[in-house]
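What follows is a set of notes on a single structure, which appears directly below.
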2 protein chains.
Amino acid sequence: MEGEMKQTGVVLLNSSASPFGNRVRIALARKGVAYEEKQENLPAKSPLLLSSNPVLAQVPVLIVDGKPVCESLAILEFIDEAYAGVGEPLLPPADDPFARARARFWAAYIDAKVPECAVKVWRSPAGAAGSAAVEEGSKGLVAVLRTLEAELGGRRYFGGEALGYVDVVLVPFMTPWFLTYERFGGLSVAEECPALAAWAARCASENTCVAASLSDAEAVYQFVCSLRKYLGLDG
Amino acid sequence: MEGEMKQTGVVLLNSSASPFGNRVRIALARKGVAYEEKQENLPAKSPLLLSSNPVLAQVPVLIVDGKPVCESLAILEFIDEAYAGVGEPLLPPADDPFARARARFWAAYIDAKVPECAVKVWRSPAGAAGSAAVEEGSKGLVAVLRTLEAELGGRRYFGGEALGYVDVVLVPFMTPWFLTYERFGGLSVAEECPALAAWAARCASENTCVAASLSDAEAVYQFVCSLRKYLGLDG
């Protein structure tokens, strides 16, 4: 673009409670990529966010040398490809296209199912109609998490012995949100899906890139409370 | 699996009107991969479909040497990777991760927006409430298609001079469905988005892999009519 400044470096436009943003943090930390994180504020999006992601105006956006990359799964694949020579890849190796397809299938499954159920749990209006929606969300979330638990099976991680793509896609919806699921939906993931809860704990305890990147559970809960007020769901 | 027969060859479980299945046909045709297509019937899914895609029980499923690959975008990436040495790739080359991320962003956008609006147009109940939903779907679909038209800009294809990933993802929702959008939603894509309609026509006229793979518009309309009856939406 005429007059555009050539910018170098890596910037992550993020919102601290965003599970989608958590994914990108983990992938960057795992690759050891240095970056600056800029916090976006829902009611007052920055001009940089609006110009970087004009179609969706959503975080996360990864800006590399002035060029924006949007949509968290596309960003994860971008990081795997752009920093292919650095550290361990997230997706299975190129010579195993079946394993790569399986990882992408589960990522698509997670994005199609988990946020929709989770939102019903914490964003339903107060009152009877809201309670029905919360219950539907909780039941749906448990069903989805049990499907994922069955896929995990006896493995340590979704891809086998080490943290990989599906782990990074799912884990931000787990531990950081357990408190919120419990307080709004009366839902204990640890009781309903003990093996999946153990996997989530393992992701953080065995991988500093995860531990350092996940949102704080109490901060997520406080964020949800303020968002509910902003949306007029609570008095 | 114990006792499993080693199967060779490529089988596509499909439903002839499925836009998601059309994508896979185009990708296979473009790579020159020989395959057998087996038609699935919504009310009576085959044991092969249920065992190949137990989580979603949906077409399309690509079965290669007995191993199933599910979810149309994952299948397109699989075809690009598994047949990397054959014909032209769908995604931009590995040395341009920004272009690959941009293609994946638009594919995700299409899947998040187009089917939801299209379904409102043709699957709404008869009557006043249905009419409101149809109008909402039509308006939403036009807005989404105009966003895509703006992204296409003055280029011949989404990726530039040749058919690529985004074209293959979008085109099955275009020409084969125009008649259905028009009859149920009174929506003329050719009038609302002339440049995008011209692009869709170009995809088929310049690429035999597209022309040979897209569903017939009248057959799609008849399929939708029978589906509406099956769903109890029409008398």
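When reading the values below, keep in mind they use all heavy atoms of this one structure, side chains included, and skip hydrogens, waters and symmetry mates. What you see is a predicted model; the values in this text were computed from it and never measured. Every chain is numbered from 1, with letters handed out A, B, ... down the list of sequences.
Phe105(B) and Tyr109(B) have parallel rings, their planes meeting at less than 30° on a 0 to 90° scale where 60° marks the start of perpendicular.
By the 4.0 Å N-to-carboxylate-O rule, Asp80(B) lies too far from Arg100(B) to be salt-bridged with it.
Here the side chain of Glu77(A) pairs no donor or acceptor atom with the backbone of Ala101(B) at under 3.5 angstrom. With hydrogens and angles disregarded, no donor-acceptor distance shorter than 3.5 Å links the side chain of Arg25(B) to the backbone of Cys209(B). Remark: the backbone N or O of Leu50(B) is not paired with any side-chain donor or acceptor of Lys45(B) at under 3.5 angstrom. Judged by distance alone, with hydrogens and angles left aside, the side-chain atoms of Gln39(B) form a donor-acceptor pair with the main-chain N or O of Ser16(B) at under 3.5 Å. Ser15(B) contributes no side-chain N or O that, together with a main-chain N or O of Ser18(B), makes up a donor-acceptor pair within less than 3.5 Å.
With rounding to the nearest 0.5 Å, the separation of CZ in Arg202(B) from CG in Asp167(B) is 9.5 Å. The OH atom of Tyr83(A) lies 7.0 Å from the CG atom of Leu28(A); values are rounded to the nearest 0.5 Å.
Residues from residues 139-164 of chain A that place a non-hydrogen atom less than 4.5 Å from a non-hydrogen atom of chain B comprise Thr147(A), given in numerical order. Inspection of non-hydrogen atoms places Asn53(A), Val55(A), Leu56(A) of residues 51-61 of chain A under 4.5 Å from chain B.
Within 6.0 Å of CZ in Arg102(B) there are 12 or fewer heavy atoms belonging to other residues, nucleotides or ligands.
Looking at Ala94(A), neither its backbone nor its side chain comes within 4.5 Å of chain B, counting heavy atoms on both sides.
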